[in-house]
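Letters A, B, ... are given to chains in the order of the sequence lines, protein chains preceding strands, and every chain is numbered from 1.
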There are 2 protein chains.
Amino acid sequence: MQRLLRGAEHLVPEGGLEEKLALARREGRPLRVKLGVDPSSPDLHLGHAVVLRKMRDFQDAGHKVVLIIGDFTATIGDPSGKSKTRPVLSLEQTRRNSESYVAQATKILDPNPDKLELRYNSEWLAPLGFAELIKLASSYTVARMLERDDFTKRYAAGVPISIHEFLYPLAQAYDSVAIRADVELGGTDQLFNLLVGRDVQRAYGQAPQVALTMPLLEGLDGVEKMSKSLGNYIGVAEAPEVMFKKAMLVPDALLYRYFELCTSFPLGEARALIEQDIKEAHRVFARELVRLYHGPEPIQEAEARYDHVAKGGIPDDVPELTLSADATQDGVIWVCKLATLAGLSTSNGDARRLIQNRGLKLDGEVVEDVNLQVRLDAPVVLQRGKDRFVRVRL
Amino acid sequence: MQRLLRGAEHLVPEGGLEEKLALARREGRPLRVKLGVDPSSPDLHLGHAVVLRKMRDFQDAGHKVVLIIGDFTATIGDPSGKSKTRPVLSLEQTRRNSESYVAQATKILDPNPDKLELRYNSEWLAPLGFAELIKLASSYTVARMLERDDFTKRYAAGVPISIHEFLYPLAQAYDSVAIRADVELGGTDQLFNLLVGRDVQRAYGQAPQVALTMPLLEGLDGVEKMSKSLGNYIGVAEAPEVMFKKAMLVPDALLYRYFELCTSFPLGEARALIEQDIKEAHRVFARELVRLYHGPEPIQEAEARYDHVAKGGIPDDVPELTLSADATQDGVIWVCKLATLAGLSTSNGDARRLIQNRGLKLDGEVVEDVNLQVRLDAPVVLQRGKDRFVRVRL
């Protein structure tokens, strides 16, 4: 129980999980634990992994995870064209995304068919007729739907809510009916939808599921929710050395939270470590993360490479740029132009400011002169900040 | 045009009907004029006839009426069980009601297939899938739906509105898309739904229909909307003498409105008549009504019978009750018991009060004595009020 609730944010109803566990024990069956997945963005990062790891905890406790790929709504999209979060995907695109999702999710979930059931919700939503939909829609009221935070705000602000937007939470709730979910997991932003599931299950004569939500993980910037588009993420499929390096960038204030939500590391030990030696605590977290997603083997090398760069060393696998002679004057090029061609600055002006702030290195040395002319007889390594390197040759 | 707009309450958009007529003329086709019909209450009265007569005006002007029987929602009913206006009907019951409705409606409408198209909306609503329904629901917003008068009031009062109730107006609007309505008619209480039809047609790339509503006719009590359950109605299938008698009961203040909405009688003439001689105006209206629903033949007899009774005479076709001798004591019976057995009072107490109020006649004479014993040697006629008679014999 304690492990199942580690890090959980909401549990509705309180004590409901204990009852479900007792019921499952009496009936000699595993709990059916539902997770709905939007197949529109298939790249998993640690933010997604928070919920998947919780699902894994349920698997490890002997229960069955039912992963529901929301292919139906993905192929419909938003016919009003108002929501950017619902792009229309083709059926093939959806299936491809789903396969990629499952491949990544099974780095975390146990793929054993006794423990993992994979379902596409088009199975029961596509054949749903108007009559059945009227029944479904009769199980929930307009007023309660408008209590959902984003609807409340939009309604108050006079921002149009199309009626079909009320149907999506009902469709998700119907998923719970279709698979007879005992428990549904989700991010905290899904709490409302999970609770709709409880009411709709009740309307269909089923025992309402327990809703269990996990917090949304802040990204490496320490402020925004982790997201690919904000660039503040650690992807679960990233290479060990990238993962290690990014793990070292987790803000100190969030390190405990990352231990709690992203690893199974004992929390007492984590807290003690953080209090005693925050640098070492970061390393422990980074090693733990690489171990989780890549196993123990690459840990040592990932850490060694991190240290090499941290000490001012140039990593081995720096991206390379080969310039054409036309870009130079007899093999000589202005340092600002060079930095921009290498993608380390967005313009010559940006490069100038960078140099004035002592933020650009050439072969390990800080560039002092904004007018420096660089001779490219041999390859040079340009470096912006701690970790952006480009090797340039003619 | 003038005839098409006689008595109309709302026309949206203003001038829209002229445009539609011009378009139909240019395209050499009739307008498609839609009327949606709820098959749950098949007995037509003059209140229903107001809209049907307007449809007939369109037929007479060369257009095509599309009568849509709402069989789909009738067979669904209201799964939340909250609305009493949506009892679940079996498919057979719905078809029976519809046939009865059509039989009555074609007393008013021209049944010529060039002018009347009969459709059941299950034809297009039953196969509507979830994806199509999402599209339909995306064409309208929650805020605008909540502007409907009854929804506004219920929402403000905290009376639950189930989400499926938002789907019914959309279904009705989709009917307009399915039959490509140019014009939709309805009672004024339908104005909102007719306007939803305009928006939904637009979302489906169709030119929006013109919405034309007719007023709700007050019943014979002069206050409430005409309705069968309130007993303040004149049925279109009632016998000529009943129709004539009820027509004479129309409140003076409403007579002009009845002329306007229930007949094609010239309005200037009606107004002059009402001003000159209200009694005669009633007779003209009553004759006109009988002519409309039964033709000219029975007018004279209906009026003669009305006069006979009005002068205190006993009509010829009084219902008869034959008592068994057991109900009497040697052929004699207490007047109160007699009135109750004849169905003119609900109890002996009711009969007693009736007699005390001088409301019961025996063979044309007011009964003065509540203890009167009536001898049934020959048949007697009991009379309550002006027009309830029963002939009783042993």
Name the orientation class of the two ring planes belonging to B:Tyr204 and B:Tyr174 (parallel below 30°, tilted from 30 to 60°, perpendicular beyond 60°).
perpendicular

**Study point:** Residue B:Glu19 excluded, over 12 heavy atoms near CD under 6.0 Å
**Key:** no

Counting heavy-atom pairs under 4.5 angstrom with chain A, the leader among B:Leu128, B:Leu133, B:Leu136 is B:Leu133

Counting heavy-atom pairs under 4.5 Å with chain B, the top scorer among A:Leu125, A:Leu170, A:Val142 is A:Val142

Any salt bridge linking B:Asp182 with B:Lys34? Criterion: basic side-chain nitrogen under 4.0 Å from a carboxylate oxygen.
no

Using the six-membered ring of B:Phe151, assess whether NZ or CZ of B:Arg154 lies under 6.0 Å from its centre and within 45 degrees of the ring axis. no

Whatever's closer than 4.5 Å to a heavy atom in chain A on B:Tyr155 counts as side chain

Whatever's closer than 4.5 Å to a heavy atom in chain A on B:Leu146 counts as side chain

